[in-house]
Every structure is written in C-alpha cells, then in structure tokens.
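As the structure lists them, so they are numbered: ligands from 1, and atoms in each ligand from 1.
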Amino acid sequence: MKKAPSKRLFGTNGVRGVVGTEITPDLVYKIGAAFGSMRSGRIAVGRDTRTSGETLLHALKAGLLGTGCNVVDCGILPTPALQFLIKEEFDGGAMITASHNPPEYNGVKIIESDGTEMGDEETIKLEQRIFDQTFSIKPWNEVGIETSASHLVERYIDAIVTQFPPDIGEGIVVAVDPGSGPACRTTPEILKRMGCRVLTVNGVMDGTFPGRLPEPTPEGLAELSALVVSSGASFGIAHDGDADRSVFVDEKGHYIEENREFALVAKQFCTQQKGFIVTPVSTSNLVEAIASSNHCEVVYTKVGSIYVARTMLALIHDKKKVVLGGEGNGGLIFPNHQFCRDGGMTAAVMVSIVAKNNKNLSSLVKSLPKRYMIKEKVKTKKASVIMKELKRALMKEHLDETDGLKITRGSSWALIRASGTEPLLRIIVESENKTDTGKFFNEIWGLIAESLKSDHA
Ligand code: MG
C-alpha cells in the first residue's frame with residue numbers, strides 16, 4: 001500500500017525553528033509565494049514581538065505580493081486577533097510567530113478565510129509547491145498592493161468586550177502578564193473596558209523577552225504571583241508568546257494547573273448550556289466528569305488545537321450544540337466568538353466567572369474534583385515497534401486509538417503516543433489519586449521497558 005503523503009515542514013502549529021538556520025527570510029518568502037499561488041484576494045498578515053519578526057514579515061509579504069495577493073499588514077497583534085480579523089473580512093492570512101518558543105525561534109502559521117489554521121491536506125499541497133518552487137509569479141501590472149492597518153486590532157477587542165454585560169468587571173482587580181508579547185496591546189485594554197482595574201508586569205512589547213520566556217511556567221510567573229499578592233488582586237493572568245493561551249494564578253498567587261482552568265470554565269459553560277465539549281485525548285478526565293455531571297458530553301480528538309476546532313465546526317454543521325472546545329494547556333476555544341484558541345477571550349471569561357460566582361478563584365478551583373496526573377517521555381527510535389507491542393499486550397483493555405493508545409479503566413486512563421517530530425514516546429497517566437496513578441504508570445512503564453529490552457525494539 002502506498003503511504004499517504006505527510007507534512008515535512010509544518011507541524012501541528014505551522015512551521016517553527018531557530019531563526020537564521022532553520023527559519024530564514026528565503027524560506028518565509030517561499031511560504032508566502034506558495035500560499036499566494038494557492039489563494040487570491042485580500043490576505044491579512046501580522047506578527048508577534050520577536051526581534052526577527054520584521055525581517056520575516058517583509059519576506060512573507062514579498063512572496064504574497066509577487067503572486068498577486070493584496071496584503072493588509074495588521075502589525076503586531078495576538079494570533080487569535082489576526083484569526084478573528086481574517087474570519088470577519090479577509091480571504092486568508094499568515095502570522096509570523098513561534099508562540100511559546102524561546103526568543104531565537106520564529107515561524108509561520110497559515111490561516112484560512114474562516115479563521116482556522118490550514119488543514120493537513122492543504123498544507124501538504126503548500127509544502128509541495130515550496131519544494132518544487134512552483135510559484136505563480138505575476139508580471140508588473142498584476143502584482144499585489146500592500147496596505148497598513150494596525151488599528152484593526154480594535155475590532156478584536158470590541159468583539160470580546162461586547163460579549164459581556166457592561167462593567168461586569170467592576171470592583172475586580174486583575175494582574176496581567178502579557179510576557180512582553182503582542183497581548184500588551186489587547187488583554188489589559190479588554191479587561192479595563194470590562195470595568196476591571198488592571199495592573200501589568202512585562203507589559204511593554206519587547207522581542208528579547210527581558211522579564212520571562214514566552215512559555216508561561218509557574219517559575220516564570222513568580223513576578224506575576226508576587227504582584228497579585230502584594231496588590232490584593234482577584235487573580236493574575238499570563239499569556240504565551242502569541243496569546244492564544246492563557247494561564248492563571250489565584251488570589252494567593254498559586255498557579256492553576258491548566259486542566260483545572262479548563263474544567264472551571266467548562267463547569268461555568270455547562271451549567272448554562274447543554275451540548276458538546278471538544279478536546280484532545282490528552283486532556284484530564286476532570287473535564288469529562290464536569291461535563292457529564294452537567295448533562296453535557298465530551299468528544300475527543302487527536303492532539304492539536306486544529307483538530308479540536310475542525311471537530312467543533314463539523315458538529316455544528318451536523319446541527320449539534322457545541323458549548324466549548326479546548327486543550328489542557330490553557331488554550332480554550334469559544335464557539336460564540338471564533339474557532340481558534342483565544343487567550344484574550346479566556347481572560348475575559350475568567351473575569352465573568354469570578355464576577356458571577358462572587359467567590360475567590362482559589363475556592364472555585366478547590367471545589368472541582370481531584371485528579372492526579374503523571375507525564376513522562378521515553379527517548380527511542382523504535383516508537384512504532386513499541387506501540388505495536390503495547391497494543392498486543394493491552395488487547396483486553398478498553399482501548400482507543402484516536403491518537404496513539406488510550407487505555408481507560410473507569411476514571412483512570414493512560415495515553416501512549418509516538419511524537420510526530422522527535423524520536424520519543426509520550427506517556428500520560430491519570431487517576432483520582434496519587435497511589436492509583438503511580439500503580440497504573442508503573443504497569444505501563446513496565447510494558448514499555450520490556451519492549452525496549454526485547455530484540456524487536
Ligand atoms: Mg501560542
């Protein structure tokens with residue numbers, strides 16, 4: 001059987017790499033030219049705050065303009081802000097960003113006219129054009145025109161603010177850490193316009209990320225936590241480098257694990273509406289527990305926010321009610337707003353949750369059922385052989401193969417997946433308590449170790 005073509009350059013979140021070696025202006029020009037050859041009309045582009053952003057954005061625009069697309073440069077803005085603008089009024093778009101990666105990285109994310117990231121099939125065609133260099137370069141009288149429209153980000157801010165009752169945030173103090181990224185332009189403004197008093201740390205755009213790295217880790221957010229505690233803020237919020245994800249610290253400055261963040265938002269939404277929650281197989285079963293106790297259902301997808309977004313759209317197409325989508329990493333998708341992860345919207349939703357419940361964030365999170373998760377990875381070049389052996393060994397279990405192998409035993413589950421980009425296996429095990437998680441993990445770990453020792457692996 002002929003193997004289906006797979007993506008070679010793009011991962012689940014676009015092309016990413018170290019600037020100067022993996023990501024060069026030449027490559028980004030080719031991405032622009034390939035995309036411009038496949039699409040026509042008005043293409044919106046933007047970037048995060050990385051120092052390499054300007055160079056790469058020029059290269060991208062050159063490719064798009066040369067193939068006849070009209071380019072609207074939206075400047076520095078969060079990825080979800082660009083996706084929102086594209087959904088509203090453009091024929092497609094591209095964002096220069098490396099999301100949560102360190103400052104030396106950058107990349108490109110291609111967006112379709114509905115605001116979702118380009119799917120696998122189209123991406124494979126785009127890559128083929130890049131490898132073959134089949135670009136529809138236009139003559140002098142057919143090249144595109146560029147316009148600058150950095151003010152358009154206001155429409156994104158408006159669209160979020162108007163989803164909530166006016167002044168819902170009155171009396172709420174929020175500390176915001178946009179991590180020197182593009183949300184410096186949006187999240188503090190959104191929350192202020194909801195009536196909150198807003199304090200910021202790392203609130204000035206700076207592509208060297210002087211305060212903390214773009215990945216919002218508990219360690220990196222020490223300054224945010226300190227600000228929350230010293231100011232008496234209701235909570236703190238931080239974004240990753242392109243603000244499609246939001247993470248929170250409670251009023252005591254404690255980091256809220258992202259699956260619990262998702263579950264808290266799910267609880268709020270599921271008490272108001274009945275329908276489906278869409279999430280990858282790697283998300284805590286806490287979300288399913290919350291959903292089913294509120295007469296909602298969970299639909300699981302492969303790991304990757306694009307699969308969540310596309311599944312949400314497919315369900316809605318089938319006239320099903322979709323309440324919420326999201327991942328256990330602080331990336332939440334709100335179907336009333338748009339079909340991509342949106343950090344600014346998540347921040348606004350958290351304000352509404354605190355306002356409606358009139359309770360501390362710590363007590364809201366504490367009221368959720370407990371779960372205990374172990375995440376581990378094993379370096380191996382024989383991932384596919386091990387996966388086959390595991391499947392055989394676990395045949396009698398309740399197995400799901402949506403992405404890798406998921407074994408479910410009541411409220412406990414384990415997921416083993418081969419990484420698509422690195423030679424390793426990822427393992428996640430979760431139960432309601434530490435002892436059960438430990439036992440289940442040791443069992444899976446034992447099977448993998450056995451497989452690693454055997455001749456086949
Ligand atoms: Mg991101």
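- Side chain of Thr49 to main chain of Ser180: a donor-acceptor pair is present (N/O by atom type, distance under 3.5 Å, no hydrogens or angles).
- Side chain of Thr123 to main chain of Gly119: a donor-acceptor pair is present (N/O by atom type, distance under 3.5 Å, no hydrogens or angles).
- Around the Mg ion (ligand 1), protein N, O or S atoms at a distance under 2.8 Å total 4; waters are neither shown nor counted.
- Within 6.0 Å of CD on Glu54 lie no more than 12 heavy atoms contributed by other residues, nucleotides or ligands.
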Report, one line per pair, each donor and acceptor closer than 3.5 Å where one atom sits in a side chain of residues 367-375; sequence neighbours left out.
| unit_1 | atom_1 | unit_2 | atom_2 | d |
| --- | --- | --- | --- | --- |
| Ser367 | OG | Leu364 | O | 2.7 |
| Arg371 | NE | Asn285 | OD1 | 2.7 |
| Arg371 | NH2 | Asn285 | OD1 | 2.9 |

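- Within a 6.0 Å sphere centred on CD of Glu121, other residues, nucleotides and ligands contribute 12 heavy atoms or fewer.
- Screening Thr187, Leu191, Asp342 for a side-chain contact (heavy atoms from CB on, under 4.5 Å) involving Ile160 leaves a single residue, Asp342.
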